[in-house]
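Heads up: the structure comes next, in structure tokens.
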Amino acid sequence: MEPIIKNMASKYTNVGFVKIDVDELSHVAQEFGVQAMPTFLLLKQGKEEERVVGAKKDELEKKIEIHRAV
């Protein structure tokens with residue numbers, strides 16, 4: 001998924017993308033209730049708007065499209 005995410009980051013320049021290593025930052029994973037890899041959280045002003053669990057590129061991109069304009 002990493003090349004796909006990098007491509008999305010280039011495409012959606014008004015969206016911030018952050019990768020968290022849950023082994024190094026387990027408290028962050030716990031705080032957001034991450035239980036499976038990969039998990040993608042769409043946050044706005046620190047609040048979770050959407051969540052995609054699994055390597056679901058199309059679903060993730062659709063949710064980015066919806067929330068980047070709002």
Side-chain angles (χ1 to χ4, degrees):
M1 281 295 290
E2 190 165 344
I4 292 167
I5 298 302
K6 285 183 179 183
N7 188 23
M8 286 183 190
S10 295
K11 181 177 179 180
Y12 302 110
T13 56
N14 63 334
V15 175
F17 290 81
V18 178
K19 179 180 176 181
I20 302 293
D21 183 331
V22 297
D23 293 326
E24 292 182 20
L25 299 170
S26 59
H27 66 283
V28 175
Q30 187 175 28
E31 179 181 340
F32 286 100
V34 174
Q35 297 178 346
M37 299 305 145
T39 296
F40 302 95
L41 302 175
L42 282 75
L43 304 173
K44 190 172 285 186
Q45 298 179 347
K47 181 181 174 220
E48 183 176 331
E49 298 285 323
E50 294 276 0
R51 176 181 294 243
V52 177
V53 178
K56 300 174 184 168
K57 173 195 172 286
D58 294 336
E59 181 181 346
L60 177 60
E61 191 158 20
K62 180 189 279 187
K63 290 183 179 193
I64 291 171
E65 285 281 349
I66 290 168
H67 289 284
R68 75 185 184 112
V70 178

Would you compute the distance between atom CG of Asp21 and atom OG of Ser26 and round it to the nearest 0.5 angstrom?
10.0 Å

Do you reckon Met37 sits in the same ILVMFWY cluster as Ile20, going by side-chain contacts under 4.5 Å, direct or chained?
yes

In short, Val52 meets Leu60 closest at the heavy-atom pair CG2-CA, 4.0 Å

State the CG-CD distance between Leu41 and Glu48, to the nearest 0.5 angstrom.
5.0 Å

Show your working on side chain to side chain contact (heavy atoms under 4.5 Å, CB included) between Asn14 and Arg68 and close with a plain yes or no.
CA-CA 7 Å; Asn14 63 334; Arg68 75 185 184 112; 3.7 Å; yes

Say whether Val18 and Leu25 are linked into one hydrophobic cluster, either directly or through other cluster members, by side-chain heavy-atom distances under 4.5 angstrom.
yes

dist Ile4:CD1 -> Glu61:CD (nearest 0.5 Å) comes out at 9.5 Å

Spacing of Met8 atom CE and Glu65 atom CD [to the nearest 0.5 Å]:
9.5 Å

Nearest heavy-atom neighbours spanning Glu2 and Lys19:
OE1-NZ, 3.1 Å

Rounding to 0.5 Å, atoms CD1 (Ile64) and CD (Glu49) come to a distance of 13.5 Å

Find out if a path of hydrophobic residues (ILVMFWY) with successive side-chain heavy-atom gaps under 4.5 Å connects Met1 to Val15.
yes

Under the criterion side chain to side chain contact (heavy atoms under 4.5 Å, CB included), I'd like the reasoning laid out for Phe32 against Thr39: C-alpha separation, chi angles, the key distance, then a yes or no.
CA-CA 10 Å; Phe32 286 100; Thr39 296; over 6 Å; no

From Glu50 atom CD to Lys62 atom NZ, the distance as rounded to the nearest 0.5 Å:
11.0 Å

Taking every heavy atom of Tyr12 against every heavy atom of Phe17, the minimum-distance pair comes out as O-CE1, 4.0 Å

Heavy-atom closest pair (Pro38 atom, Ala55 atom, distance to 0.1 Å) is CG-N, 3.9 Å

Please check this pair: side chain of Lys44 against backbone of His67, looking for a donor-acceptor N/O pair closer than 3.5 Å.
yes

If I compare all heavy atoms of Glu59 with all of Arg51, which pair ends up nearest, and what's the gap?
OE2-O, 4.5 Å

Looking at side-chain heavy atoms only, is the closest gap between Phe40 and Val53 below 4.5 Å?
no

